[in-house]
Amino acid sequence: MKDRYNPHEIEEKWQRRWAESRIYEAEPDDRKKFFITIPYPYLNGNLHAGHTRTFTIGDVIARYKRMLGYNVLFPMGFHATGTPIVGLAEQIQKKDPETIRVYNKLHEIPVDVLDNIQSPEQIVEYFSREAEAAMKNIGFSIDWRRKFTTTDPHYQKFITWQFNLLQSKNRVVKGAHPVRWCPNDENPVEDHDILKGEDATIIEYTLIKFKLDGEILPCATLRPETVFGVTNLWVNPKNLHVKIKASGETWLVSKEAYEKLKFTDKKVELIGEVSGEELIGKKVENPLTGAHVLILPASFVSPENGSGIVMSVPAHAPYDYLALRDLKGADLTKYGITEDVSSIPLISLIKVPEYGTYPAVDAVTELKVKDQKDPKAEEATKLVYRREFHGGVLTETTGKYAGMPVSKIKDVLARDLIDQGIADVFYEFSEQPVICRCGATCVIKMVENQWFLNYSDTSWKKQVYKCLGGMQIIPPEMRVDFENKIDWLKDKACARRKGLGTRLPWDREWMIESLGDSTIYMSYYIIAKYLDKFEPGQLKEEFFNYCLLGEGKPEDVEAKTEIALDIIESIRSDFGYWYPVDLRTSGKDLIPNHLLFFLFHHVAIFPEFNWPRAIAINGFVSLEGEKMSKSKGPLLTLKSAVKEFGADVTRLYILSTAEHVQDADWRAADVEATRKQVERFYKMAYDIINEKDTGELKLIDKWMLSRLQYRIRETAEALNKIQTRRSVQNAFYMLMNDMKWYERRGGKAARKQILHTWVRLMAPFTPHICDEIEEKLDGNFISLSRFPEADMSLIDKSAEFAEEILSNTLRDIEEIIRLIKIKPKRIILYTGASWKKAVLKRAIMMKKENTLDMKSLMNALMSDPAMRAHAKEIPKYAQKVITDIQGIDNELMNSLVEVELDETSALKEALGFLSHEVECNIEIYSADAPGYDPQGKSRNALPMRPAIYIE
RNA sequence: GCGGGGGUAACCAAGCGGCCAAAGGUGCAGGACUUAAGAUCCUGUUGCGCAGGCAUUCGUGGGUUCAAAUCCCAUCCCCCGCACCA
């Protein structure tokens with residue numbers, strides 16, 4: 001150990017020794033096991049501060065559990081499945097300037113290296129090497145023998161097995177689903193492919209098929225229940241409409257709607273054109289109610305929205321009401337309409353507390369909307385919609401639906417209408433337009449014959465609920481989040497046309513989607529150690545069925561796969577030992593996807609005793625207050641953080657700056673401060689090691705040992721809850737402050753003993769520096785030693801009280817000196833009179849018995865002859881004590897009566913220290929025998945609070 | 001809109017019914033050490049106060065309580081997710 005702290009030298013040294021001694025290579029034995037996993041990183045870039053946080057939390061827990069005596073398995077792999085890596089390869093090949101910039105500047109890859117990673121395979125190779133090196137440099141205690149990449153042929157066998165199994169359990173189904181689609185690229189568009197309209201979501205409309213002489217006028221609506229209140233349809237006379245064949249029916253829609261329908265699952269065919277004007281004046285039949293209603297002209301109808309034909313519900317839709325009102329007195333004879341349409345009776349079907357029979361009318365009146373072109377019409381629409389949705393109930397008009405809340409009706413009614421063949425589903429973007437990077441306007445396409453995992457299956461969800469119920473979720477507040485997300489999860493497309501990965505075994509045109517192939521791979525870590533024992537081709541289903549599920553006979557597996565029997569048995573027994581996953585820690589972004597799928601697939605495949613035990617969630621990392629971005633910057637790589645500050649400092653900082661789901665902020669200035677603190681720790685340890693402990697334990701040593709026990713207990717409690725911030729706070733900063741005070745008070749005797757404990761307390765956080773120190777203490781690897789246990793017998797309340805009195809008194813003296821602005825020549829302390837102590841104790845006792853009041857206290861006191869000498873002073877003090885006690889918590893009260901402390905002698909022991917601190921001679925008396933007391937200050941002395949006289 | 005998280009002193013951040021004017025870190029100011037700088041160590045950092053005190057603070061407004069940053073109600077503001085994408 002050198003006198004100066006050189007993190008890189010120390011870290012390199014210990015990482016090498018750890019690797020040489022293989023201390024993190026876990027094998028089953030008779031200890032209790034702990035299997036911790038962290039989502040493997042996706043290899044389209046270098047590891048960054050976000051990974052640093054999640055992984056370091058995992059490593060700290062792994063190290064902590066190891067020191068608690070668990071046999072810890074902490075493995076790591078790499079994720080390469082999916083499209084981004086392929087996309088990246090294309091960009092690099094094209095030498096796309098932005099990509100080159102991002103990967104050169106943000107991911108810190110030299111340009112000449114970039115030239116050499118052109119193919120997806122090279123990218124995977126490069127980033128996995130970099131990631132492994134980075135994780136080693138920060139000192140993660142990973143068993144590297146188990147690493148793998150999801151594009152490995154062995155792994156593909158594993159995924160193939162998994163999907164065949166899911167298929168056989170009817171968890172994979174065929175269906176169609178809508179995606180954002182670029183008609184130009186003929187590809188689904190992802191968020192980063194979108195130029196404009198990134199926030200647009202796909203909204204499901206119900207298309208209600210009004211009938212006109214055997215032809216159909218479909219109206220798109222978000223509120224299918226209002227079909228009961230339709231009084232007419234709206235068509236914009238200025239728009240061009242088309243007549244099309246749609247799955248055997250003849251439809252009339254806007255030209256734009258026809259373009260959209262081409263991408264749906266309907267077969268559409270253009271037959272002819274119809275102007276808006278032609279349609280107006282005709283009567284259509286409401287398919288649900290059978291009512292015949294007029295088609296009327298309205299200017300607000302946009303051909304871009306829905307079908308270009310709108311059903312009118314003036315009782316509940318302000319636009320409809322306004323358009324109808326706007327027609328008052330209009331001459332519609334050119335459409336062949338002679339009746340006064342403004343007198344068409346409104347049909348109310350929703351009762352809502354805020355409004356009368358016709359909410360739309362009330363809203364228009366309330367907001368004073370002029371006409372359908374008034375911007376306030378939009379506002380009124382939203383208002384009515386909101387109120388009706390949340391507080392509305394369907395009226396008798398809706399027949400069997402009467403009494404149902406509006407918020408519950410949409411899905412039910414839409415389903416019913418579709419089943420009756422009088423409605424369809426129509427998808428529309430929430431924002432328009434959505435523009436692809438290539439410049440084309442995106443549409444919504446129905447991808448057909450798509451493979452889905454049927455997560456929406458209620459029996460599956462029920463199993464997941466059961467699994468979740470038996471799990472620990474950390475922090476516990478996140479449990480409700482998981483529950484919500486389980487409810488919300490729908491069927492998920494599990495196959496794609498392009499990207500890296502494994503083919504769907506029964507439909508080889510499809511690649512298994514990348515989130516689906518990373519759900520149960522934790523079990524693969526157990527196999528991964530044995531990859532040199534067999535070829536991918538030998539990994540037949542029987543192998544996995546036996547090793548992971550215990551199905552079949554090992555001899556049969558041997559016969560089928562030609563894998564040696566002892567290997568098969570060994571894997572099976574390893575699996576039995578290590579599984580299930582005891583803890584998975586992850587960033588919060590993975591809750592609604594990966595972590596959910598992790599649970600779904602586990603319950604689908606494994607028996608209940610192999611379901612995961614716990615999940616811990618952590619937040620993101622920002623840089624100097626700015627959100628970090630892999631593709632836009634800013635970005636801080638793990639590698640460069642360690643290079644600049646060292647592994648231990650990086651670890652300590654990232655752990656201490658935020659707790660659980662809170663986001664952490666990386667601030668270089670604060671990291672620098674942490675570096676100094678670590679340096680101080682190193683220096684302190686160095687000094688302690690090179691000094692001899694002296695003397696026997698004094699009060700201050702007992703105080704220090706007492707404090708240490710609290711720090712240990714807090715640290716352990718925090719780590720048990722994966723509160724890394726709190727644990728670092730206690731194990732490092734608080735203990736550091738205790739040590740400073742201890743040394744300032746001249747404490748020496750316990751320093752080495754403290755250090756012994758301290759390095760072990762710190763070892764999970766800063767393993768390198770701790771091993772460096774431990775080498776000089778015990779010489780063994782610190783991660784193989786035991787984590788400290790708080791020894792409650794070393795808790796010394798009286799030493800703590802003494803120290804508290806001392807520091808409070810010191811602060812008081814200094815405050816007085818500051819206020820009276822003199823250089824003190826003589827200071828006298830008077831400790832509280834013993835009768836006051838007696839009063840206090842008696843009062844506390846009575847308070848605990850719930851019998852404390854002035855009268856009974858006085859009675860009790862006065863029955864004691866020794867008290868009578870102070871009969872004059874007692875009432876006033878007793879009154880004060882009674883009020884003071886109100887504000888004391890129980891623990892303190894207990895201590896106050898239990899602890900026997902001679903304040904006078906305790907202060908006398910610290911007299912030298914006190915006098916030195918205030919640079920003035922100090923004398924101490926008990927108020928029982930004050931001696932020199934010119935101002936009678938001793939009367940003010942209280943228990944735990946000496947009076948002070950300064951001259 | 002729905003769901004989740006959050007608003008605490010110059011900043012980050014703990015506390016979630018009583019030793020709370022509020023942990024810890026940072027910044028800032030003063031002091032010690034040093035030829036000096038840095039590092040380190042002390043002290044202070046809401047206001048007032050020439051004896052250890054008092055007054056006012058924890059988004060805002062009410063309420064419960066002997067006692068509220070902490071509990072209840074209302075209200076305002078900020079962040080994240082809402083999917084086929086890793």
Side-chain angles (χ1 to χ4, degrees), chain A residues 39 41-44 79 81-85 177-180 188-193 201-202 382 385-386 389-390 407 447 450 452-453 477-478 480-481 483-485 487-496 499 513-516 518 588-594 619-620 625 627 630 656-665 667 669-670 672-674 676-677 679-680 683 725-726 728-730 732-734 736-737 740 743-744 804 808-809 811-822 883-893 896 917 935 937 940 944-950:
Chain A
Y42 187 72
L43 295 175
N44 68 339
H79 196 202
T81 318
T83 52
I85 289 174
H177 80 115
V179 297
R180 289 182 305 205
V189 286
E190 294 159 19
D191 271 351
H192 59 266
D193 292 329
T201 55
I202 296 175
K382 284 194 174 137
Y385 184 95
R386 193 161 59 233
F389 184 82
H390 291 106
S407 55
V447 177
Q450 171 72 279
F452 284 86
L453 286 157
E477 309 90 84
M478 297 309 282
V480 59
D481 219 40
E483 289 168 351
N484 289 340
K485 295 295 188 320
D487 289 340
W488 153 92
L489 193 66
K490 297 184 194 148
D491 286 358
K492 163 115 173 65
C494 63
R496 297 212 62 185
E513 194 275 327
S514 75
L515 287 169
S518 34
K588 61 184 174 187
D589 49 327
L590 299 187
I591 296 174
N593 42 70
H594 164 71
F620 306 132
K627 202 177 157 183
K630 262 195 209 184
S656 66
T657 187
E659 199 82 282
H660 284 324
V661 294
Q662 288 175 339
D663 292 345
D665 191 20
R667 294 163 177 243
D670 289 359
E672 181 54 28
T674 304
K676 283 180 191 162
Q677 300 270 26
E679 210 167 75
R680 194 177 306 167
K683 190 98 177 46
R725 184 188 153 82
R726 180 176 154 217
V728 167
Q729 206 66 231
N730 279 280
F732 192 59
Y733 291 101
M734 307 262 210
M736 177 83 82
N737 286 345
K740 279 196 217 164
E743 295 195 341
R744 188 175 159 201
E804 201 179 327
N808 288 342
T809 306
R811 196 180 323 129
D812 286 345
I813 295 172
E814 285 175 335
E815 187 175 350
I816 295 166
I817 293 174
R818 202 180 322 119
L819 281 172
I820 61 178
K821 297 193 179 90
I822 60 162
T883 8
D884 284 355
I885 282 180
Q886 286 282 9
I888 303 182
D889 67 12
N890 281 336
E891 205 188 327
L892 182 64
M893 261 198 286
L896 281 172
E917 287 291 319
Q935 291 184 7
K937 291 281 183 193
N940 300 335
M944 301 288 291
R945 177 139 216 212
I948 300 165
Y949 171 67
I950 299 178

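Per chain, numbering begins at 1; letters A, B, ... match sequence-line order. Predicted, not measured: the structure shown is a model, and the values here were computed from it.
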Novice: Remember a base hit wins even if backbone is also touched, and classify A/P946 as base, sugar-phosphate or nothing at under 4.0 Å, heavy atoms.
Specialist: base
Novice: In Watson-Crick or G-U wobble terms, both distances under 3.5 Å, what is the partner of B/G15?
Specialist: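 Its partner is B/U8 (Watson-Crick or G-U wobble, both distances under 3.5 Å).
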Novice: Suppose you measure atom C1' in B/A13 against the same atom in B/G27; what distance do you get, rounded to whole Å?
Specialist: 14 Å
Novice: Using whole Å, what does the distance between atom P of nucleotide B/G18 and atom CG of A/D884 come to?
Specialist: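 Rounded to the whole Å, the gap is 17 Å.
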Novice: Would you mind reading off the distance between A/E917 atom CD and B/A32 atom P, rounded to a whole angstrom?
Specialist: 15 Å
Novice: May I ask you to say what A/I950 touches in the nucleic acid, namely base, sugar-phosphate or nothing, with a heavy-atom cut-off under 4.0 Å?
Specialist: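 The answer is base, as A/I950 lies within the cut-off (heavy atoms under 4.0 Å) of a base atom.
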Novice: Whole-Å distance between B/A13 P and A/R667 CZ?
Specialist: 8 Å
Novice: Give one of base, sugar-phosphate or nothing for A/H79, where a contact means two heavy atoms less than 4.0 Å apart.
Specialist: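 Sugar-phosphate, no base atom in range.
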Novice: Could you tell me whether A/D812 and A/R945 have a side-chain N and a carboxylate O separated by less than 4.0 Å?
Specialist: yes
Novice: Tell me which nucleotide, if any, is Watson-Crick or G-U wobble paired with B/G44 when both distances must be under 3.5 Å.
Specialist: B/C28
Novice: Name the nucleic acid region contacted by A/Y385, choosing base, sugar-phosphate or nothing; use a 4.0 angstrom heavy-atom cut-off, strictly under.
Specialist: nothing
Novice: Taking only residues two or more places apart in sequence or in another chain, which ones pass salt bridge (charged side-chain N to carboxylate O under 4.0 Å, His left out) with A/R680?
Specialist: none
Novice: Over all strands shown, is A/D491 touching base, sugar-phosphate only, or nothing at heavy-atom distances under 4.0 angstrom?
Specialist: base
Novice: State, to 0.1 Å, how close A/P178 and A/I202 come at their nearest heavy-atom pair, and which atoms those are.
Specialist: O-CD1, 3.9 Å
Novice: B/C19 C1' sits how many Å from A/I885 CD1, rounded?
Specialist: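 Interatomic distance, CD1 of A/I885 to C1' of B/C19: 13 Å.
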Novice: Just call it for A/T81: base, sugar-phosphate, or nothing, with non-hydrogen atoms closer than 4.0 Å on any strand.
Specialist: sugar-phosphate
Novice: Would you classify A/L590 as touching base, sugar-phosphate or nothing, given that sugar-phosphate means primed atoms plus P, OP1 and OP2, and contacts are heavy atoms under 4.0 Å?
Specialist: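 Answer is nothing: A/L590 stays at 4.0 Å or more from every strand.
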Novice: Is any side-chain nitrogen or oxygen of A/R811 closer than 4.0 Å to OP1 or OP2 of B/G53?
Specialist: no
Novice: Go along nucleotides 22-28 of chain B 5' to 3' and tag each nucleotide: B for a protein heavy atom under 4.0 Å from its base, S when only backbone or sugar atoms are that close, - otherwise.
Specialist: -BBSS--
Novice: Can you tell me how far P of B/G53 sits from CD1 of A/I820, to the nearest Å?
Specialist: 15 Å
Novice: Measure the distance from CD on A/E814 to P on B/A32 and round it to the nearest whole Å.
Specialist: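 From A/E814 CD to B/A32 P: 15 Å.
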Novice: On RNA chain B, does the nearest nucleotide to A/A493 precede the nearest nucleotide to A/F389 from the 5' side, or the other way round? Give the residue.
Specialist: A/F389
Novice: Heavy atoms from C-beta onward define the side chain here; which of B/G49, B/C19, B/C80 lies closest to that of A/E815?
Specialist: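 In terms of side-chain proximity for A/E815, the closest of B/G49, B/C19, B/C80 is B/G49.
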Novice: Check for me whether A/K492 meets the cation-pi criterion with A/F452, that is, NZ or CZ under 6.0 Å from the six-membered ring centre and within 45 degrees of the ring axis.
Specialist: no
Novice: Between P on B/C84 and CG on A/L515, what's the gap in Å once rounded to a whole number?
Specialist: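 Taking atom P of B/C84 as the reference, CG of A/L515 is at 12 Å.
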Novice: Does A/K821 contact B/C50 through a side-chain donor or acceptor facing the base, at a distance under 3.5 Å?
Specialist: no
Novice: Given atom CZ of A/R180 and atom P of B/C85, what is their separation to the nearest angstrom?
Specialist: 8 Å
Novice: Ignoring hydrogens, what is the shortest heavy-atom contact between A/V661 and A/K588? Give both atom names and the distance.
Specialist: O-NZ, 3.1 Å
Novice: Which one is paired to B/G1, where only Watson-Crick or G-U wobble pairs with both distances under 3.5 angstrom count?
Specialist: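 Partner of B/G1: B/C82.
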Novice: From A/E917 CD over to A/R811 CZ, what is the distance, rounded to the nearest 0.5 angstrom?
Specialist: 13.0 Å
Novice: Suppose you measure atom P in B/G59 against the same atom in B/C12; what distance do you get, rounded to whole Å?
Specialist: 14 Å
Novice: Distance check, P atoms only: B/G63 and B/C58, in whole angstrom units.
Specialist: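 The same atom, P, in both gives a distance of 15 Å.
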Novice: Find out whether A/D589 and A/H594 are in side-chain contact, i.e. whether some heavy atom of one side chain is under 4.5 Å from a heavy atom of the other.
Specialist: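 SC-SC contact between A/D589 and A/H594 ruled out.
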Novice: Between A/P592 and A/L819, name the one whose nearest nucleotide on RNA chain B is closer to the 5' end.
Specialist: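 It is A/L819, whose closest nucleotide lies nearer the 5' terminus.
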Novice: Write out a two-atom table: protein N or O, nucleotide N or O from nucleotides 3-8 of chain B, distance below 3.5 Å.
Specialist:
{"residue": "B/G3", "atom": "O3'", "partner": "A/N484", "partner atom": "ND2", "Å": "3.2"}
{"residue": "B/G3", "atom": "O2'", "partner": "A/N484", "partner atom": "ND2", "Å": "2.9"}
{"residue": "B/G4", "atom": "O4'", "partner": "A/D481", "partner atom": "OD1", "Å": "3.3"}

Novice: What's A/E804 touching, base or sugar-phosphate or nothing? Going by heavy atoms closer than 4.0 Å.
Specialist: base
Novice: Are A/R818 and B/G31 close enough that a side-chain N or O sits under 4.0 Å from OP1 or OP2?
Specialist: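 Negative; the distance criterion is not met.
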Novice: Considering only the C1' atoms, how many Å lie between B/A9 and B/A21, rounded to the nearest integer?
Specialist: 9 Å
Novice: What does B/C71 pair with, Watson-Crick or G-U, if both distances are under 3.5 Å?
Specialist: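 Paired with B/C71, as far as the under-3.5 Å criterion goes, is B/G63.
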Novice: Please state the P separation for the pair B/G24 and B/A14 - nearest whole angstrom.
Specialist: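 After rounding to an integer number of Å, I get 15 Å for this pair.
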